Amino acid sequence: MASFSIKFLAPSLANPTRFSKSTIVKLNATPPQTVAAAGPPEVAAERLEPRVEEKDGYWILKEQFRQGINPQEKVKIEKEPMKLFMENGIEELAKIPIEEIDQSKLTKDDIDVRLKWLGLFHRRKNQYGRFMMRLKLPNGVTTSAQTRYLASVIRKYGEEGCADITTRQNWQIRGVVLPDVPEILKGLEEVGLTSLQSGMDNVRNPVGNPLAGIDPEEIVDTRPYTNLLSQFITGNSRGNPAVSNLPRKWNPCVVGSHDLYEHPHINDLAYMPAIKDGRFGFNLLVGGFFSAKRCDEAIPLDAWVPADDVVPVCKAILEAFRDLGFRGNRQKCRMMWLIDELGVEGFRAEVERRMPQQELERASPEDLVQKQWERRDYLGVHPQKQEGYSFIGLHIPVGRVQADDMDDLARLADEYGSGELRLTVEQNIIIPNIENSKIEALLKEPILSKFSPDPPILMKGLVACTGNQFCGQAIIETKARSLKITEEVQRQVSLTRPVRMHWTGCPNTCAQVQVADIGFMGCLTRDKDKKTVEGADVFLGGRIGSDSHLGEVYKKAVPCDELVPLIVDLLVENFGAVPREREETED
């Protein structure tokens, strides 16, 4: 793929005079200057030979690097997954009965592995013959027409069909059957959506500020950048094989808010807004990730790029990861393992030589994100930067909606806003561009009793993954259980500030329990009668925002039936909660 550069209009910065050197409080997007950097590891020249090569338009692993590779790499070698989309292989596959598909390893691998390149995940364990479909929704921005189309897809599947908002500002729809896929893909294209390259060893949905373009306090509108990243990654929804054979998944985000709604510390690449020599651009953080065996926060690459080079530097980093990353043990294939091996400077050098001019500027000291910033709550009604308009943040309990819910939300966006909805990483929805004169009527809408702009304080920060209702990897049920337990905890304690509680069904931590105030990771354990029951490892102390850091295990293998008293104690001891019986006595 040829090198290229994207030209932007000058970015719109809110109150640009605020960003003088005297008023900036810096985040750690630049490497510390007071600590001597360790020397780069010794890396043999042959280690820097690319492990992949282009052949017939696709990127494949070279023969000499195929020893000790993991089973997923073997599946990719046996048959190129992108051909199911780019050469229309899905049309023929969709015509084969699933029982017949299962009789051949090649076609069985198609539906269990390769279709993930099309965003389709076979729920073999819990919904045999049905698929979850993950969309690409850069910056979480969608339209009422797109929402109605997705509602029409899941409605036909009855009780098997529903939709979830993900922790990457995205939709996942459930209940899909294989014969319907070609028609669904055509429908997605007609409404301007794609599910391409949203699973397995691909770049995931580019996350941005959910208040982009409407927030009076925003640093920069992230939508142009996340859109361009998504267009590059998917080849304008036609497929981009140059970045579809990565060693493992890869998460990007573009930061546009002081609130860090985008969670940059847990992304493989985070663009942090910064000024250098009067030019607007981004310092880069790299390597943040979660996995079953290791979790790491992103670290500074000591690099700054102008706005024009947002896509080229993404391309260069992806190519370095694609060319050099591990392809053995899947637990050691995320990009941070490569950074560990090469050292930050060694990895940076590989990125630099893949840039169009083989140049990469050092980080700027002028970060625009203010560190001492109280993270704002976007739920409820708030004024936009556009005079006379407001947005409303709606709480979607654990991100789960049905077809009728989606139609209702689309109607609200049309009747009161501009037909736009925005998804957040906390699994909620924002409707922007509402004339202030319409707010009173909007707040009387019946659906707001279900999707409240002012939910109970503990519900505000509740996040849950799919759980074992649908996901074969989940060890425990999460969504219904998290709601039930939170409701019971609310009956026992009173709080004056939100506490973020995240539930994930397995160690893959899709619900990002390590960033929660209190996190729950599903496991099996034994109860007091020595019976095997569903339980959770409890995490404590995660932080988001400018003082972000990952939480640690507080207590392992707690039976789910014993979690309520444990949570109550944690809230009282660590978050200022008051037992309701004591509160009533004091009154």
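Not measured: the values here are computed from a predicted model.
- Salt bridge status for Asp408 with Lys450: absent, with no side-chain N to carboxylate O gap under 4.0 Å.
- Defined by atom type and a distance below 3.5 Å, a donor-acceptor pair is missing between the side-chain atoms of Asn209 and Thr222.
- In Glu159, the CD atom is not crowded: 12 or fewer heavy atoms of neighbouring residues, nucleotides or ligands sit closer than 6.0 Å.
- Cation-pi contact between Arg294 and Trp337: present, with separation from the ring centre below 6.0 Å and deviation from the ring axis of at most 45°.
- The pair Arg327-Asp201 does not meet the salt-bridge criterion, since no charged nitrogen lies less than 4.0 angstrom from a carboxylate oxygen.
- For the 3.5 Å distance criterion, the side chains of Thr466 and Arg174 qualify, holding a donor opposite an acceptor.
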Can you list the steps and then say if Lys528 with Asp561 is a salt bridge (Lys or Arg N to Asp or Glu O under 4.0 Å)?
CA-CA 11 Å; Lys528 58 186 176 183; Asp561 288 345; over 6 Å; no
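- Arg168 and Asn267 form a side-chain donor-acceptor contact under 3.5 Å, judged by distance and modelled atom types alone.
- Closest approach of Cys506 to Gln473, counting heavy atoms only: CB-O, 3.3 Å.
- Ring geometry for Tyr128 against His122 counts as tilted: the plane angle lies between 30° and 60°, on a 0 to 90° scale.
- For the pair Gly542 and Arg500, the tightest heavy-atom approach, listed with the atom from each and the gap, is O-NH2, 3.3 Å.
- Residues Arg491 and Glu488 are paired through a salt bridge, judged by an N-O separation under 4.0 Å between the basic side chain and the carboxylate.
- Smallest separation of non-hydrogen atoms from Phe520 and Ala536: CB-CB, 4.1 Å.
- The 12-atom threshold is exceeded at CZ of Phe65, counting heavy atoms of other residues, nucleotides or ligands nearer than 6.0 Å.
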From CA spacing to verdict: salt bridge (Lys or Arg N to Asp or Glu O under 4.0 Å), Glu420, Arg422
CA-CA 7 Å; Glu420 180 177 294; Arg422 301 184 180 195; 2.7 Å; yes
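- By the neighbour-count criterion of 12 heavy atoms within 6.0 Å, atom NZ of Lys62 is densely surrounded, having more than that number from other residues, nucleotides or ligands.
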